[in-house]
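Numbering of ligands and ligand atoms starts at 1, following listing order.
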Amino acid sequence: MERTALRPLEDALAQLLDHAKPLAGSEQVSTFDADGRVLAQELVSPLQVPPQDNSSMDGYAVRIEEIPDEGVSLPVSQRIPAGSAAQPLQPRTAARIFTGAPVPPGADAIVMQEDTEADGERVRILRVPDRGQWIRRSGEDVTQGSVVLGKGERLNPASLGLAASIGCDRLEVARRPRVALFSTGDELVMPGAVKPADMKPGAIYNSNRFFLRALLLRLGCEVSDLGIVPDRRDATVDALARAAQSHDLILTSGGVSVGEEDHIKPAVQSLGTLDLWQIAMKPGKPFAYGRVKDAHFIGLPGNPVSSFVTFLLLVRPFLLKLQGATRLAPKALRLQAHFALPRADKRREFLRARRNAEGGVELFPNQSSGVLTSAVWAEGLVDNPAGTTIARGDAVSFLPLAELLA
Ligand code: AMP
Ligand code: MG
């Protein structure tokens with residue numbers, strides 16, 4: 001049996017990303033449907049947002065020089081609701097104005113309604129205004145000609161709103177990566193196919209298929225789910241050959257260890273090329289990258305938490321890079337350990353953890369790579385360098401799952 005030296009995660013990731021050449025082709029989608037997609041164009045604003053100076057309060061537009069003291073009474077010369085055009089402000093008058101309405105030329109402040117007293121056709125100003133108060137300036141959000149969203153940015157609900165605010169109803173985005181997904185393992189049974197009470201000894205439900213599919217969909221992929229492939233060389237070769245035809249990536253879980261029942265390696269090698277990596281990470285370790293015809297191949301370990309974590313740390317950035325994304329990793333937070341890890345591991349560990357109300361971070365008690373409960377409980381992963389013990393109170397690096405799952 002061959003033995004490979006453990007490879008640091010950074011090296012494995014760098015090498016993997018080297019293979020992730022951005023996919024050719026982009027597509028136009030409605031801005032409504034662009035959430036989560038990667039922008040394939042630079043979005044330059046053709047206008048100012050807001051387009052004109054406008055009021056941020058319901059109140060009165062005035063000239064401050066005409067209100068040297070509180071108590072000044074002015075006739076109301078016009079009424080400007082949002083969506084209407086304003087006339088220039090007549091001297092020694094106030095204009096009734098509402099939130100979002102354009103500030104009339106000549107006015108240099110808004111007095112909020114609460115600081116006034118309406119008096120028939122007149123208004124009494126109860127407080128001396130400051131220049132510019134309650135006026136939102138034209139272009140204070142976006143200036144004409146500026147880049148509002150960069151190429152390679154992943155769109156989120158706020159970016160869709162921003163794109164819409166400059167009049168964009170369609171966006172050019174990277175095309176969706178086409179991913180074929182299958183699980184290997186003769187022990188695997190699909191939920192629904194066999195009732196819990198009828199499960200044979202040794203059988204387990206296929207859980208990886210569910211979270212991997214969901215993770216892929218969240219990353220904007222088109223997923224072909226090829227189901228469970230039995231632990232046989234010919235079946236594995238068949239599944240791979242079929243998957244390679246029309247997919248950018250073939251993603252599998254299980255069968256990448258080096259036991260006799262692990263058929264991924266010889267099967268991929270018979271059709272293309274494969275590197276089996278032993279990554280110095282926990283959970284994780286066995287990981288395979290290769291090519292089958294024109295498709296990338298990634299083999300994840302079978303243990304559910306290993307599969308989950310290696311997906312987040314390796315496959316996620318890979319798929320984002322295929323889509324031309326510029327930001328591939330979440331920002332790690334420094335938090336205080338409210339736990340101790342007295343025994344160092346020779347691999348870099350990703351511990352399932354949660355923040356507590358005291359601003360610290362706590363661990364799920366069982367960190368075994370088969371315990372999927374830990375991943376559901378967790379709000380993040382404590383990224384602990386190889387060979388490092390942690391004492392209560394130490395600063396640790398925390399990767400929020402909210403970002404990794406987005
Ligand atoms: P393997 O990598 O194939 O040696 O599998 C490692 C462990 O993960 C074994 O205990 C498998 O039963 C389990 N496993 C593999 N694939 C899955 C799956 N799709 N869902 C749940 N557990 C799995
Ligand atoms: Mg297996």
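For atom 14 (N) of ligand 1, the nearest protein heavy atom (residue, atom name, distance) is Gly302 O, 3.2 Å. Annotation: atom 21 (C) of ligand 1 to nearest protein heavy atom, Ser207 OG, 3.3 Å. Taking atom 6 (C) of ligand 1 as the reference point, the nearest protein heavy-atom neighbour is Asn303 N, 3.7 Å. Closest to atom 17 (C) of ligand 1 among all protein heavy atoms lies Asn208 ND2, 3.4 Å. The closest protein non-hydrogen atom to atom 19 (N) of ligand 1 is Asn206 OD1, 2.8 Å. Nearest protein heavy-atom neighbour of atom 11 (C) of ligand 1: Glu187 OE2, 3.0 Å. When only non-hydrogen protein atoms are considered, atom 22 (N) of ligand 1 lies nearest to Ile204 CD1, 3.4 Å.
Note on ring orientation: taking the six-membered ring where Trp is involved, the planes of His19 and Tyr289 are parallel (angle under 30°, cut-offs 30° and 60°).
Remark: Asp294 pairs with no residue by the side chain to side chain contact (heavy atoms under 4.5 Å, CB included) rule, at least two apart or across chains. Evaluation of the salt bridge (charged side-chain N to carboxylate O under 4.0 Å, His left out) rule for Asp169 yields no partner, not counting sequence neighbours.
Residues Asn206 and Ser183 have side chains that bring a donor and an acceptor to within less than 3.5 angstrom of each other. Side-chain contact annotation: His296 with Arg291, donor-acceptor N/O pair under 3.5 Å present.
When side chains are defined from C-beta on, Asp262 does not count as touching Val256, because their heavy atoms never get closer than 4.5 Å.
Residue contacts with ligand 1: Gly185 is excluded, as none of its non-hydrogen atoms falls under 4.0 Å.
The Tyr205 neighbourhood of ligand 1 comprises atoms 20 (N), 21 (C), with distances under 4.0 Å to a heavy atom of that residue.
An N or O contact shorter than 3.5 Å links Gly255 to ligand 1 by distance.
Heavy atoms of other residues, nucleotides or ligands lying less than 6.0 angstrom from CZ of Arg63 number more than 12.
The proximity of Pro304 to ligand 1, defined as any non-hydrogen pair under 4.0 Å, is limited to the side chain.
Checking side-chain atoms of Gln28 against main-chain N and O of Glu172 turns up no donor-acceptor pair under 3.5 Å.
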